[in-house]
Amino acid sequence: MVKDKKLKGLTLHFMPYSEISKLETVERIKKLLRIILDNKVVILQGRLKPEEESRLIEDTMIMIGNIKGFKGVELAVISQDSETKTMVDRVKFGLAKALVGQQDAITVIGPASIVKEMKKDPKKLEVMMR
Amino acid sequence: MAIRILKDFTKRIFNIFFKKRKQISLGFYGPPNAGKTSLANRICKDWTGEEIGKVSNIPHETRHVQFKEEVEIKYKEKTLKFKLVDTPGIATKIDYEDFMKFKLKKRDAQKRAKEATQGIIESIKWLDDVDAVIIVLDSTENPYSQVNITIIGNLVSRDIPVLVVANKIDLAKSDLKKIAAAFPEYEVIGISAKTGKNMEDFYEAVFRLSKKV
């Protein structure tokens with residue numbers, strides 16, 4: 001039984017990697033943040049590069065100060081555990097990543113005003129809503 | 001692995017012949033309230049007798065990067081000089097209302113939130129100016145947060161050596177094994193910055209880390 005009736009609707013925006021693969025870092029971040037500002041949770045096929053993730057955090061911080069009611073984002077990435085990969089798989093994975101980006105992951109990003117918390121452990125991701 | 005060993009070896013040889021560092025810039029990174037300033041204070045007190053900054057139970061107490069220059073640490077008759085760079089905790093969200101739960105007035109909470117967002121940006125910018133990093137984690141908390149992974153990912157892409165410190169091992173809820181399992185590729189040292197527990201092992205690990213710079 002659901003006790004909390006505050007959540008009236010939730011939009012999940014699935015984004016295939018091909019939608020951002022040809023964009024520059026700034027454009028990628030803009031595209032994601034635009035959807036998040038629309039109060040939607042983005043489920044991105046693949047993941048951002050580490051420097052893009054930090055850029056996303058920086059841009060988010062700038063927006064907190066400038067957009068009323070915006071409190072930031074919740075972010076989590078689920079990917080195949082590299083420890084389970086053999087050496088050959090790791091080399092193949094590294095080559096594929098360099099060529100087409102890391103697509104064997106799922107990135108979930110949502111506005112902190114809607115997503116209360118994302119709890120991750122190696123095998124599962126729990127998304128707690130407000 | 002072989003490439004990494006070769007890379008480290010080349011870097012070390014280059015450093016021996018061409019670089020003479022005056023001091024190693026050692027950054028303290030991690031999520032808010034993990035104990036970065038407490039650890040930096042502990043080191044400063046141990047070796048200089050002074051503290052680097054104020055600590056508090058309210059998150060985002062450190063909202064500007066703080067430094068301590070020329071901190072000489074001795075271990076087994078060897079001495080190394082460090083510039084300690086204590087950074088604000090990195091987070092993906094800041095809500096001033098969270099600060100009001102700590103009895104801060106609305107205006108003060110809003111001011112703190114604004115400063116905290118600027119502090120996070122400052123922390124990220126500083127990633128380009130540190131030689132080695134100590135990631136400070138609260139060992140009573142879940143280590144699998146994306147912020148931790150993002151910080152480490154950025155350090156790896158910049159080829160900056162990393163030591164993971166699991167702080168607060170004096171607390172009953174502390175789970176050092178969980179932290180070590182989350183970061184199998186890194187050396188993890190459990191300490192208590194508050195009580196000073198295991199600081200000898202920590203200094204030994206810092207010297208090992210410095211060799212990778």
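A, B, ... follow the sequence lines: proteins, then strands. Residue 1 opens every chain. It should be emphasised that the depicted structure is a prediction, and the values quoted were computed from it without experimental measurement.
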| query | In Å, rounded to the nearest 0.5 Å, how long is the span from CD1 of A:Ile64 to NZ of B:Lys93? | reply | 10.5 Å
| From CD1 (B:Ile149) to NZ (A:Lys120), nearest 0.5 Å | 3.5 Å
| message | Distance check, rounded to the nearest 0.5 Å: B:Tyr96 atom OH versus A:Lys71 atom NZ? | response | 8.0 Å
| field | Straight-line distance of A:Ile57 CD1 to B:Thr150 OG1, nearest 0.5 Å | value | 5.0 Å
| Testing A:Arg47, A:Met118, A:Glu74 for side-chain contact (heavy atoms from CB on, under 4.5 Å) with B:Gln146, which one passes? | A:Arg47
| Is it true that atom CG of B:Asp128 has more than 12 heavy atoms of other residues, nucleotides or ligands lying nearer than 6.0 Å? | yes
| request: Below 4.5 Å from any heavy atom of chain A, which atoms of B:Gln110 appear? Answer side chain, backbone, both or neither. | output: neither
| Near B:Glu200 CD, under 6.0 Å, is it more than 12 heavy atoms from other residues, nucleotides or ligands? | no
| Engaged part of B:Ala91 at the chain A interface, taking heavy atoms whose separation is under 4.5 Å | backbone
| said: Please report the interatomic distance CD1(B:Ile124) to CZ(A:Arg55), rounded to the nearest 0.5 Å. | reply: 10.5 Å
| Of the backbone (N, CA, C, O) and the side chain (C-beta and beyond), which part of B:Ile151 lies under 4.5 Å from a heavy atom of chain A, both, or neither? | neither
| request: Give the member of A:Ser113, A:Pro50, A:Ala76 that has the highest number of heavy-atom pairs under 4.5 Å with chain B. | output: A:Pro50
| Heavy-atom distance under 4.5 Å to chain A: side chain of B:Asn154, backbone, both or neither? | both
| task | Answer yes or no: is there a side-chain heavy-atom contact under 4.5 Å between B:Ile121 and A:Ile62? | result | yes
| Closest-packed option against chain A by number of heavy-atom pairs under 4.5 Å, given B:Lys125, B:Lys178, B:Lys114, B:Gln118 | B:Lys125
| Between B:Gly153, B:Ser123, B:Ala182, the one whose heavy-atom pairs under 4.5 Å with chain A are most numerous | B:Gly153
| query | Would you say B:Ser157 and A:Glu51 make side-chain contact, with heavy atoms under 4.5 Å? | reply | yes
| query | Checking heavy atoms, do the side chain of B:Ile94, its backbone, both or neither come under 4.5 Å from chain A? | reply | both
| said: Which one wins on heavy-atom pair count under 4.5 Å against chain B: A:Ala112, A:Gly65, A:Ser54? | reply: A:Ser54
